[in-house]
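Below is one structure, written out as structure tokens; the observations come after it.
Quick caveat, the model's predicted, so the values are computed rather than measured.
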Amino acid sequence: MLLWRLRAASCLAALLTGAVLSAPPARAQSFLGAGPAERLTVPPTGDALRAGAAPSTPPAAPSAPPAPPQPETDAARRGALTAGIAAARRFPAGTRGYRLAGEDDTLQFPVFLTEAQARGGARLRISYLSAISVAPEASELTGSVNGTKVGWTRIQAPGAVKVVEFAIPEGVLKAGYNAVGFTVSQRHRVDCSIDATYELWTQIDPSRSGLVVGPATDLDLRTLAALEPDESGALPISVLLTEKPSLERLERMIGAVQAVALVGRLARPAVTFGPPMAGRTGINLLVGTAAELRGTEGLEEIGPIGGPKLGLLPARANRATVLVVTGASGSDVREAIRMLAGSGEPAGTPSGTRLAELVRGYPVSGGESLSLETLGVATREFNGRLLRVGFEVRFPADFVPADYGKVMLHLAGGYAAGLEPSAQIVVDINGRNAASVPLPYTRGEVFEDSAIPLPLSLWRPGLNRIEIAAQLPTAADRACDTLAPGARRARFLFLDRTRIEIPSLARAVRSPDLAAVKAGAVPFVSGPRPRLVLPTPDRDSADAAAMLAARLAIAAKRVIDFEVSADERATGGGANLVVAPARALNPVTIEAVGLDPDQIRRIWEGRAETVATPGQFGAEGVLTLDRLRRNLPMRCALPATAMPLRVAAAAPVPISPQAPAPRPAPAPSDQDPLARWSDSLRGTNSLSGALLEAWDGASRRVAELREAVLGWSKAPAASQAATVNPRASLIIAESAATGPLAERTVLVTAPNPSMLKASVSCLVDPVVWTRLVGQAAFLDASDGSLTVVQPERVDLIETQPWSLANFRLVSAAWLSLNPAYYVGMTLLMALSLGLATTSLVRHLGRQNR
């Protein structure tokens, strides 16, 4: 049996080599990915598809060299090879993307399987590309499933994507959630400095990686989490339509989409309205009353419809599985949607179910003390130059980030002797430096509880990523002798007993702040029924609205009962989510979120006329080596015809159009000569000049304090103008209206419907979505970059029942956000104390005469 496997592997390698050698030469590609893009190719050397759990074992040599490929059979050989590679159950998209970076790194994916998929033989496939600086002789990639190592391979794919498979032993996979992980240990070819470690990366190709298992033939309502993602890690949901739906039916369809997103437990939905889709990935969704669905092919298979009804129609050759959500009336359909949202089953292996929760961040509410073992971090001994340990926690959506407390990180571990004086531990929160601690002793040290304070102002509502980096240079790194006896000696010990203590948190919503929207859909779940406004309910705009609604439902962890409307001027009800192209919007709506309609029109005048079809589920990102090297989200790509023929010049977009423009200071030549002489002479007399300057300074401070108090008691202060990226393809902004959260408006707009759909498809990617903060954000969907505009002033809106403890914390947070008021109150209290003390002691003691 072993001999047969070796011969099969040899034949496959020979066939692959012949197919590649006959292909035309690839174009040049720069290391940084800035050169011309080339399509994916299999490696020119080596076995591109390696089967078995021990990839280090070389295949048996063929008895004779393979014959050179003939031109007329080249296409046939390539097609036969592609057909021989079985389809894989791809990995879901996550907040960290698909890149393993640095000297040591780990990526894990929770994968849900049905009973039929977990039985029988299975393989773990990884398709990857590595940096050219990775030394293959000292770098390796390891695959694991539910804590069991299933294989490893040398990392050697700098010029083309390499595909490797590991056999999974029988019994390792279970029905439900399984934890699939990849770990890399990477070393640089020629450079041993800490800066060189940032050049090390291995990029996973999500389109061809996954678990090689059979299709979910036993899919039911309890195992809908087994729905397979597409090549970008998104869950495709095709809402079946044969005619234009009414707004009431559209409401129910969007509600069903949210329920599927919740049950599927994927962080990235991809929605389209239209004909059914075929294949293994995603699901077709059929929503409507029995009367609306009458005549649908195969509907009789779910039986009579006398009330709320859920059913699955099995996949056929021309369509994927169909999920039917129906009932005798509209209220029955809504009840069926509620049933669907609660039909999931969080089963699986202990490591798999735990990972399924951790990928969304460990939820905290304040007052917790958590060990890093609870957060999924393991004890490690590290022999490299830069150790990076990361974990994620999820703060409440109504958390107030400000300097009223500190999160305490208690490190446990040690470091070896011989480190350079520059060795240190650096802690980053959401990509910003929070603290640094030196490692001062050349003899080394072991510590059980090294406390590091982390300010609360760097945290934000929703997901927060904390990264602990130990920089461990030694004198031997200058010589960079990788064969030296001490090259493999451990330099740092990190213990999972390290813990993090969360203080009590102030609970109130900052407004305007998109962080509260993306973290918990706060404006849409905290008041009357919200409204989803579609001024032009075309198919592309409806697709974008459904994707946003599903993403907000995932954040809120429940179905949001949106009222779909086409009238953006209607008042009353709850908060408004307005989704439309810019030309379809009323200028009043744009001004309500603090934007200038004229500025937006000038920015997008080159794009508004372009029309493009972005694909069934959004922009079809062409997966090239250039995009893999740049680590771009796959769905963050705009259709070629949607790119502007000319890009408008960058223009400032004022957050408050009512704010008067600052007056330019007069030129020296225009100033009054007497005033200029007075200014020049004021500095010649030291005593009079000092007194005049002190008086002017005091007058200015009093005027500023008066303006601040008046502004606090009246309207929010105006914000400064923000420079908009001229290539921005989407704007999302929240209104800064005073009053309850139910009066807020969140606007999502783009130059045209096709670009709106493509840009929203990029916005809901977890990597992009987690960066959403501020009052407004401008997205360039060609690469997923965000430009964020922070508000000049924020209001704190109470969300919790009144308590003295929370009132104290919110007050302290407000004072830290408004230091001028804090200083004024301190001076007032000091003055009051002085006057009270004077009045008390004035009549004490004997009076001298």
Query raised in the report: Is the shortest distance from a Lys or Arg side-chain nitrogen in R334 or D561 to a carboxylate oxygen in the other one below 4.0 Å?
Result: yes
Query raised in the report: Taking side chain as C-beta onward, heavy atoms only, is V164 less than 4.5 Å from R125?
Result: no
Query raised in the report: Would Y198 and L386 satisfy side-chain contact (heavy atoms from CB on, under 4.5 Å), going step by step from the backbone distance to the final call?
Result: CA-CA 9 Å; Y198 293 97; L386 179 63; 3.5 Å; yes
Report task. Check step by step if side-chain contact (heavy atoms from CB on, under 4.5 Å) holds for W459 and L454. Result -> CA-CA 9 Å; W459 305 73; L454 307 174; 4.1 Å; yes
Query raised in the report: Given side chains that start at C-beta, do those of T379 and E373 come closer than 4.5 Å, heavy atoms only?
Result: no
Query raised in the report: For the residue pair L463 and G361, what are the closest heavy atoms and their distance?
Result: CD1-CA, 3.6 Å
Query raised in the report: Considering residues, nucleotides and ligands other than R354, do more than 12 of their heavy atoms fall under 6.0 Å from its CZ?
Result: yes
Query raised in the report: How far apart are the closest heavy atoms of A118 and K174, and which atoms are they?
Result: CB-C, 3.6 Å
Requested in this report: Would you please name every residue forming a ring pair (Phe, Tyr, Trp, His ring centres under 6.0 Å) with F382, sequence neighbours left out?
Outcome: none
**Report entry** T148 vs N146, side chain to side chain donor-acceptor pair (under 3.5 Å): CA-CA, chis, key distance, verdict
**Finding:** CA-CA 6 Å; T148 300; N146 293 325; over 6 Å; no
**Report entry** Y128 to Q156 - nearest heavy-atom pair and separation
**Finding:** OH-N, 3.4 Å
Query raised in the report: Taking everything shown except E115 itself, do over 12 heavy atoms lie less than 6.0 Å from its CD?
Result: no
Query raised in the report: For F399, what residues pass the ring pair (Phe, Tyr, Trp, His ring centres under 6.0 Å) criterion, not counting sequence neighbours?
Result: F395
Report summary line: Of all heavy-atom pairs linking R89 and F112, the shortest is NH2-O, 3.3 Å
Report task. Could you go through the ring-ring contact (aromatic ring centres under 6.0 Å, His included) check for Y98 and F109 one step at a time? Result -> CA-CA 10 Å; Y98 296 94; F109 304 95; 5.8 Å; yes
Report task. Among R635, R268, R280, find the one that has a salt bridge (charged side-chain N to carboxylate O under 4.0 Å, His left out) with D230. Result -> R635
Requested in this report: Taking atom types as modelled, find out whether E140 and T153 have a side-chain donor-acceptor pair closer than 3.5 angstrom.
Outcome: no
Requested in this report: State, with a plain yes or no, whether a side-chain heavy atom of E501 is found less than 4.5 Å away from one of H410.
Outcome: yes
Query - Basic-acidic side-chain contact under 4.0 Å: R499, D449 - result: yes
Query raised in the report: Taking all atoms of both residues into account, what is the closest heavy-atom pair of P308 and A336, and its distance?
Result: CB-N, 3.9 Å
Query raised in the report: Is it true that E165 and R123 have a side-chain N and a carboxylate O under 4.0 angstrom from each other?
Result: yes
**Report entry** Rounded distance (nearest 0.5 Å) linking atom CG of L411 with atom CG of L495
**Finding:** 10.0 Å
Requested in this report: Applying ring pair (Phe, Tyr, Trp, His ring centres under 6.0 Å), name anything that partners F562, two or more places apart in sequence or on another chain.
Outcome: F524
Requested in this report: Using side-chain contact (heavy atoms from CB on, under 4.5 Å) as the criterion, point out the one residue from I337, I237, L224 that pairs with V260.
Outcome: I237
**Report entry** Beyond-backbone contact of V184 with D104, side-chain heavy atoms, under 4.5 angstrom
**Finding:** no
Query raised in the report: Step by step, would you call I468 with I425 a side-chain contact (heavy atoms from CB on, under 4.5 Å)?
Result: CA-CA 7 Å; I468 305 169; I425 294 176; 3.9 Å; yes
Query raised in the report: Do T202 and Q186 get their side chains close enough for a donor-acceptor pair, meaning under 3.5 Å?
Result: yes
Query raised in the report: Is any side-chain heavy atom of E301 less than 4.5 Å from a side-chain heavy atom of P314?
Result: yes
Query raised in the report: Do C762 and V768 come close enough that some side-chain heavy atom pair is under 4.5 Å?
Result: yes
Query raised in the report: Going by heavy atoms in the side chains, are E231 and P206 under 4.5 Å from each other?
Result: no
Query raised in the report: Between V161 and R208, is a side-chain contact (heavy atoms from CB on, under 4.5 Å) present by the stated rule, with each step listed?
Result: CA-CA 10 Å; V161 169; R208 297 194 293 179; 3.4 Å; yes
Query - N464 and E392: side chain donor to acceptor below 3.5 Å - result: no
Requested in this report: Please indicate whether R316 has more than 12 foreign heavy atoms, meaning atoms of other residues, nucleotides or ligands, lying under 6.0 Å from its CZ.
Outcome: yes
Query raised in the report: When you check the gap from the basic side-chain N to the acidic O, do R99 and D105 get nearer than 4.0 Å?
Result: no
Report summary line: G255 and V559 have their tightest heavy-atom pair at O-CG1, 4.0 Å
Report task. For residues V324 and L313, determine if any side-chain heavy atom of one lies less than 4.5 Å from a side-chain heavy atom of the other. Result -> yes
Query raised in the report: Side chains of N178 and T349: do they bring a donor and an acceptor to under 3.5 Å?
Result: no
